[in-house]
Amino acid sequence: MEEIRYKRLMLSGRETQEENSVIEISGKRIGDGGLTVIAGPCSVESESQIFSIAESVKKAGADFLRGGAYKPRTSPYDFQGLEAEGVRLLLRVREEVGIPIVTEIVDAANLDLFADIDIIQVGSRNMQNFALLKALGKTKKPILLKRGYAATYKELLTSAEYILAEGNPNVIVCERGIRTFETYTRNTLDIAAVPAIKKLSHLPIAVDPSHGSGRSEFVKALSLAAVAAGADALMIEVHNHPEEALSDGKQSITPDEFAVLINKAKAIKEVI
Ligand code: PEP
Ligand code: MN
C-alpha cells in the first residue's frame, strides 16, 4: 500500500489481498457488491421502543438492527444506555423478530455478554483503544470499526490492522463524519473516504450519515451520495419517536422516512 507500509505489508491493504473481502454473517454477505443496511435507534431505551423499531426496519428491508446498550457519551450526566439489560433486550429482539444485531462494545470485560451479538461495533471514541481492538482480534466476531472523528484514513486502517493482526479477518470500517470548522452540521461526512478506503484496502466500508451530519433532514441525501460513491453498507439511526429519543433524536429519521430511503438507496446501488 503506497503510503501505508510499515514494518510489513498491511493485512488490510490491497497489496496483501487484491479482491474485496466479503464478510459472511447470519445469512448476510457484506462487501459482495450488494448494499447492506443497518438501521435502528441510537440507544436501546425500552422493550416497546426496540421491538417497535425492529419490526418496522425489518419490514422496510433492513438487514441488521442497530441499537446502543453501552453508550460512550461525551458527558457522564447524559443517558449512558441500559447496559447489560439493553444487550439482553437486543438478543430477545433477535430471536423474536428475526433480525441480526449490531451493538457497541466499550470495554473488553463485557465480551462474554456479546457472544451472541452478530456484529460488534467499536465507536469513534474507541477507534484507538488498542487493548479493546486486540481483544476483539482474538475473537472471530465481525467488527464494525468506526472512524475516529479526527482520524486519517491511515489511522483508521492501522486500527483495523490491530484486529486483523490478532487473527480476526472480519472487519468492516465505517465513515461517520469528521470534525471540521463547520458547525451547522454535527460532523462533516467525508464521502471521499469511500473511494479512498476502497483504493487502499479490501475491507468493506459502511457509511453512517446520521452521525455524519447530526441532522435528520440530510440523512437521505447523504445516504444516496454514499451509495453512489461505492459504499458497501449504510448505518442509519431510526427512531419511532425521534423527538422523545434519549440520545441523538435530532439525527434520527422515522420508520416511514427510512422505508422511502432504503428503496432509493437500493435503486442507486443497482445503477452502480
Ligand atoms: C453510535 O453509533 O451511536 C455512536 C456513538 O457513533 P460514533 O461512535 O460514530 O459517535
Ligand atoms: Mn448515536
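We use all heavy atoms of the structure for the numbers below, so side chains are in, but hydrogens, waters and symmetry mates are not. One-based numbering, in listed order, for ligands and for the atoms of each. In this text, all values refer to a predicted model and were calculated from it rather than measured experimentally.
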Enumerated ligand 1 atoms positioned under 4.0 Å from heavy atoms of E104: 5 (C)
For L189, is there any backbone N or O sitting under 3.5 Å from a side-chain donor or acceptor partner on N187? no
Can you tell me how far the CG atom of D232 sits from the CG atom of L35, to the nearest 0.5 Å? 8.5 Å
Atom 4 (C) of ligand 1 - nearest protein heavy atom and its distance: H211 NE2, 3.4 Å
Atoms of ligand 1, numbered as shown, that sit under 4.0 Å from any heavy atom of G123: 8 (O)
Which residue and atom name correspond to the protein heavy atom nearest atom 2 (O) of ligand 1, and how close is it? R66 NH1, 2.7 Å
Could you identify the single nearest non-hydrogen protein atom to atom 8 (O) of ligand 1 and state the distance to 0.1 Å? S124 N, 2.7 Å
Counting from 1 in the order shown, the ligand 1 atoms closer than 4.0 Å to a non-hydrogen atom of E237 are 3 (O)
Which residue and atom name correspond to the protein heavy atom nearest atom 10 (O) of ligand 1, and how close is it? R176 NH2, 2.8 Å
Any salt bridge linking R147 with D190? Criterion: basic side-chain nitrogen under 4.0 Å from a carboxylate oxygen. yes
Of all N, O or S atoms in E237, the one closest to the Mn ion (ligand 2) is OE2
Keeping the roles fixed (side chain from N126, backbone from N129), state whether a donor-acceptor pair exists under 3.5 Å. no
Ignoring hydrogens and geometry, is there a side-chain-to-backbone donor-acceptor pair from D248 to Q251 under 3.5 Å? no
Under 3.5 Å between some N or O of ligand 1 and some N or O of K71? yes
Name, closest N/O/S atom of D248 to the Mn ion (ligand 2): OD2
Lys/Arg N to Asp/Glu carboxylate O, K71 vs D78, below 4.0 Å: no
Short list, please: which atoms of ligand 1 are under 4.0 Å from a heavy atom of C42? 3 (O)
In this structure, the Mn ion (ligand 2) sits at the vertex of an angle between SG of C42 and NE2 of H211 that rounds to 10° as 170°
Counting N and O atoms only, with roles assigned by atom type, does the side chain of K269 sit under 3.5 Å from a partner on the main chain of K264, one being a donor and the other an acceptor? no
Taking the side chain from Q121 and the backbone from L145, do they hold a donor-acceptor pair closer than 3.5 Å? no
Looking only at non-hydrogen atoms, the one of K146, E175, R73, M127 nearest atom 7 (P) of ligand 1 is K146
Looking at N170 and K141, would you say the former's side chain and the latter's main chain have a donor-acceptor pair under 3.5 Å? no
